[in-house]
Amino acid sequence: MIDQNSPPESKPKGKINILLVDDQPANLTVLEAVLADLDEVLVSVTSGELALRELLSREFAVVLMDVHMPTMSGFEAAALIRNHPRARTLPIIFLTAAGDDPSHVEQAYALGAVDYLTKPVSPVILRAKVAVFIDLYRKTAEIALHAQATHLEALRTRDQRIRMILDNTRDYAFIGTDTDGIVTEWEGGAETITGWFAAKACGEPSAVIFTPEDRAAGVPEQEMRLARDTGRADDKRWHVRRDGTRFFADGVMVPLRDESERLRGYAKIFRDATAERLAAEQLEASEQQLGESRQRSQRAEEGMRRLAAVAAQSSDFIGIAGSDARTSYVNPAGRRLAGLAPDASVGEYGLSDFFAPECRAFVEQVVLPAVRGPEGRWEGELRMRNFESDATLPVYYKGFAVCDDEGHNIALASITRDITAQKQAENDLRLVAADLAEADRRKSEFLATLAHELRNPLAPIRTGLDLIRMSSAPPQSMSKVHEMMDRQLGHLIHLVNDLLDVARITRGKIELKREASDVATLVAMAIETSMAALNAGGHTLSVEVADEALPLDVDVTRIVQVLSNLLNNAAKYTPAGGRIVLRAVRDCDDAMLSVHDSGVGISQEDMGTLFDMFTQVGRNLDRSQGGLGIGLSLVRRLVELHGGSVSAASDGRDLGSTFTVRLPLRSGVLPPAPVPCAGAAPAALRVLVVDDNVDAGNSLAALLQALGHSTDVAADGEQGLVLASRCKPHLAFLDIGLPGMSGHQLARAIRATPALDGMLLVALTGWGARADVIMSQQAGFDRHLTKPVDIAALNSVLAAATAAAPVPI
């Protein structure tokens with residue numbers, strides 16, 4: 001390797017220079033290692049500027065040029081190299097790690113590159129390519145040396161005969177000078193060619209015939225120095241006559257030495273070759289233009305081949321039309337998109353024929369003028385026609401002008417993409433956005449409704465509490481207050497339970513407790529549950545249940561909840577004194593239960609969202625009977641969990657509605673339903689209540705005392721454990737979310753105390769999910785109740801504690 005700063009004369013004799021250009025030293029090291037076996041002179045530089053400097057100081061057989069460099073790219077350096085006469089034909093191999101970008105490949109070959117290689121390059125291939133250009137360089141140099149030797153021999157022969165020629169021809173000028181270049185002889189055709197007479201020329205510097213620019217550049221002195229050092233200096237340049245006109249001289253200057261090889265002066269012999277030079281320049285210009293034309297033609301052909309290859313593989317419509325907009329080429333994908341056969345002629349179609357009828361006027365009046373105009377391009381959405389099916393489809397069209405070197409529009413090209421899927425995605429996105437907006441609207445409406453529904457029962461409860469504080473109220477009035485508060489509290493609990501049920505179903509957490517039952521029993525239970533709502537509206541209820549047995553395998557509580565919700569819904573949306581019919585019949589292998597009312601009915605526009613969450617039919621202030629809009633959604637989800645279906649029908653507004661539930665019948669005969677037996681009233685128990693909510697703990701303790709039991713109350717886990725160890729209660733109600741020691745930790749501590757064996761532990765908490773129940777069981781609880789607990793559940797726990805008491809109470 002030769003360092004970039006080493007002098008030119010350090011090149012070993014007989015070895016060829018190879019220029020390596022890359023801004024990464026590591027890449028240069030790799031190239032040097034790959035080319036080391038060629039045993040040539042490797043000159044490595046790290047920029048395009050240094051490469052140009054090396055090319056000015058020495059000759060190279062080939063250049064390996066990186067494309068991407070920081071200050072001057074490989075393409076920019078190559079363009080400057082091509083401007084230098086000596087390097088116009090210098091082979092350049094471009095190297096890049098950026099991949100075969102078609103535009104880069106075209107630019108590389110436009111700069112006269114001999115190859116364009118992508119890193120990493122195969123060492124074998126790279127060495128083979130470089131070896132070819134080394135061999136070419138050697139052969140070219142040998143031919144040049146042979147030509148030079150032949151020329152020198154001819155000159156020596158001519159020198160021997162120069163005198164005779166000078167005496168016999170006036171076509172050549174002979175000028176003799178001393179060692180300083182002062183004219184001593186002005187012979188032959190010197191006067192004719194230069195216009196200077198011998199008497200005037202002798203004694204003048206020979207530089208008098210050189211052009212001013214050559215004199216300023218020191219060319220006369222350089223010519224004499226070259227002749228003195230090498231034995232000759234070719235004189236092929238423009239000179240100036242005495243009258244100022246110029247002529248092209250073709251000759252030579254040689255040193256004149258005596259027998260002892262002492263320099264005595266110089267002889268300059270030349271002829272007027274102006275006509276030949278002008279002809280040669282004209283021929284060279286013509287050949288150059290022809291070569292450039294051939295290169296452009298080759299590049300155009302290569303570009304067309306690459307374009308055709310790319311177009312054949314493209315999935316987009318690629319078409320080319322003449323300047324008159326008549327189609328000349330359509331790629332295979334474009335033919336499929338337009339419904340044209342692979343061998344169909346496209347020359348009979350104009351550009352606008354490929355578009356839908358409604359787009360053709362726009363194409364003619366807007367698209368084509370834009371492509372043919374100064375901008376030379378247009379792009380946007382249009383609709384394309386399929387010739388085979390005559391269908392249209394949305395496309396994104398890009399049209400642009402194809403111009404020649406003079407900027408004349410010679411063709412129109414287009415790339416068209418089918419955007420059917422994109423437009424469908426946009427439509428789907430708009431639908432999703434609309435659904436989200438609707439869901440957000442329903443959510444906001446639901447929150448407002450929830451606040452309203454919660455305030456409705458809370459207001460009379462608050463009023464009842466104020467009445468209770470008034471000790472002067474009569475007992476009969478207080479009884480009605482209690483009933484009202486109990487009713488409103490039940491309504492509040494019902495709202496919360498519905499919300500929890502929906503949440504559990506949505507998360508897939510609800511579990512059905514299936515058991516054998518029959519439709520008649522479920523209908524009776526649902527009517528009992530909804531009778532208060534039916535009576536409040538003064539409605540007439542008709543029940544039509546089939547005489548045959550309709551056995552089911554269902555979660556009784558959930559199906560009763562379904563029927564009750566439908567009855568309550570009918571009562572809510574039926575004006576006072578309306579008629580409601582509950583029917584239950586067999587339909588093949590299903591039990592079909594329907595609730596028909598004479599109420600407000602359902603419009604067709606509401607029917608589509610009837611069973612959606614937070615939806616109420618005919619919501620307005622004068623008819624709305626309250627509710628969160630989750631009842632029907634809950635009905636549908638519970639029925640579907642049982643493998644059934646629910647549907648609604650209505651003839652329209654104020655024409656009533658019918659809701660129909662289908663449930664699969666159970667095969668076989670149902671066992672008789674157990675008849676509950678009345679047990680003895682529970683005896684007095686010792687009960688421990690642990691709750692950090694003082695009001696909740698004290699109110700439960702007061703209720704237990706009213707039922708005849710003794711109680712102890714603790715506000716945290718540590719105090720609860722102390723009271724349990726001291727009082728040894730039969731039953732303990734423990735809140736889960738206690739500060740410090742949680743309810744779970746307290747339960748485990750009680751279970752770990754042998755003296756407290758047999759105590760019935762009940763978790764009383766606001767958390768009622770399945771996972772919460774499992775955690776309670778794992779902590780040692782016997783029961784899990786959610787707040788607020790109703791009196792029936794409380795009596796059940798008290799009865800269980802009485803039965804489990806180890807000793808008589």
Side-chain angles (χ1 to χ4, degrees), residues 1-98 104-105 107-145 295:
M1 183 196 80
I2 289 185
D3 183 75
Q4 60 190 31
N5 296 319
S6 62
E9 49 271 21
S10 64
K11 180 179 107 173
K13 183 178 180 181
K15 292 191 175 183
I16 303 301
N17 293 328
I18 301 171
L19 183 58
L20 309 178
V21 187
D22 198 306
D23 62 310
Q24 298 295 326
N27 292 341
L28 291 174
T29 302
V30 171
L31 292 175
E32 291 166 2
V34 169
L35 302 177
D37 293 342
L38 298 178
D39 193 25
E40 301 295 349
V41 180
L42 304 178
V43 180
S44 299
V45 296
T46 58
S47 68
E49 295 86 343
L50 294 175
L52 293 172
R53 184 179 301 171
E54 289 295 334
L55 286 167
L56 292 175
S57 63
R58 69 184 84 191
E59 293 184 354
F60 292 88
V62 63
V63 178
L64 277 66
M65 180 85 69
D66 184 31
V67 173
H68 298 288
M69 292 185 289
T71 58
M72 179 187 291
S73 71
F75 291 152
E76 293 171 341
L80 294 175
I81 290 173
R82 289 291 180 250
N83 289 332
H84 195 282
R86 194 171 67 189
R88 282 179 181 172
T89 60
L90 177 63
I92 300 176
I93 298 176
F94 284 109
L95 304 175
T96 180
H104 287 177
V105 175
Q107 189 174 0
Y109 284 107
L111 291 169
V114 297
D115 214 334
Y116 185 93
L117 303 179
T118 303
K119 301 177 183 177
V121 181
S122 168
V124 175
I125 294 175
L126 185 61
R127 278 196 298 271
K129 289 180 179 291
V130 174
V132 169
F133 293 106
I134 292 174
D135 185 61
L136 179 62
Y137 181 86
R138 290 186 188 280
K139 291 180 179 179
T140 304
E142 290 173 2
I143 293 172
L145 289 174
Q295 290 181 357

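Computed from a prediction, not measured in an experiment: that's the story for all the values here.
Counting only heavy atoms from C-beta outward, the side chains of Y109 and D115 approach each other to under 4.5 Å. Side-chain contact between I125 and K129: present, with at least one pair of heavy atoms (C-beta onward) separated by less than 4.5 Å. Annotation: side chain of L55 is in contact with side chain of L90 (closest heavy-atom distance under 4.5 Å). Put simply, the side chain of L56 does not reach to within 4.5 Å of the side chain of L52, judged on heavy atoms. Side-chain contact between V43 and F60: present, with at least one pair of heavy atoms (C-beta onward) separated by less than 4.5 Å. Side-chain contact check for L126 versus L31: some heavy-atom pair is nearer than 4.5 Å.
In this structure, the side-chain hydrogen bond (donor to acceptor under 3.5 Å, both in side chains) partners of R138, at least two apart in sequence or on a different chain, are E40.
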Practice task
Could you go through the side-chain contact (heavy atoms from CB on, under 4.5 Å) check for F94 and V105 one step at a time?
Solution key: CA-CA 9 Å; F94 284 109; V105 175; over 6 Å; no

Practice task
Go through the steps to decide whether V114 and I92 satisfy the test side-chain contact (heavy atoms from CB on, under 4.5 Å), and finish with yes or no.
Solution key: CA-CA 6 Å; V114 297; I92 300 176; 5.7 Å; no

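Here the CD-CG distance, from Q107 to L111, works out to 6.0 Å after rounding to the nearest 0.5 Å. For the atom pair CG (D37) and CG (D39), the distance works out to 9.0 Å, reported to the nearest 0.5 Å. The OG atom of S122 sits 8.0 Å away from atom CZ of R127, with the distance rounded to the nearest 0.5 Å. In this structure, K139 NZ and D135 CG are separated by 4.0 Å, a value rounded to the nearest 0.5 Å. Taking OG of S47 as the start and CG of D22 as the end, the distance is 11.0 Å to the nearest 0.5 Å. For the atom pair I16 CD1 and Y137 OH, the distance stands at 5.5 Å (nearest 0.5 Å).
Between the side chain of R82 and the backbone N or O of A87, at least one donor-acceptor pair lies under 3.5 Å. The closest donor-acceptor contact from the side chain of R88 to the backbone of N83 lies at 3.5 Å or more, if one exists at all.
L28 approaches V45 most closely through the heavy-atom pair CD1-O, 3.6 Å. The two atoms that bring V21 and A51 nearest to each other are CG2-CB, 3.7 Å, heavy atoms only. Taking each heavy atom of I18 and L35 in turn, the nearest pair found is CG2-CD1, 4.5 Å. Of all non-hydrogen atoms in V121 and T118, the two that sit nearest each other are CG2-O, 3.6 Å.
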Between side-chain atoms of residues 61-80 and protein atoms elsewhere (two or more places apart, or another chain), which donor-acceptor pairs fall under 3.5 Å?
unit_1	atom_1	unit_2	atom_2	d
D66	OD1	K119	NZ	3.3
T71	OG1	E49	OE1	3.4
T71	OG1	E49	OE2	3.1
S73	OG	E76	N	3.2
E76	OE1	S73	N	3.1

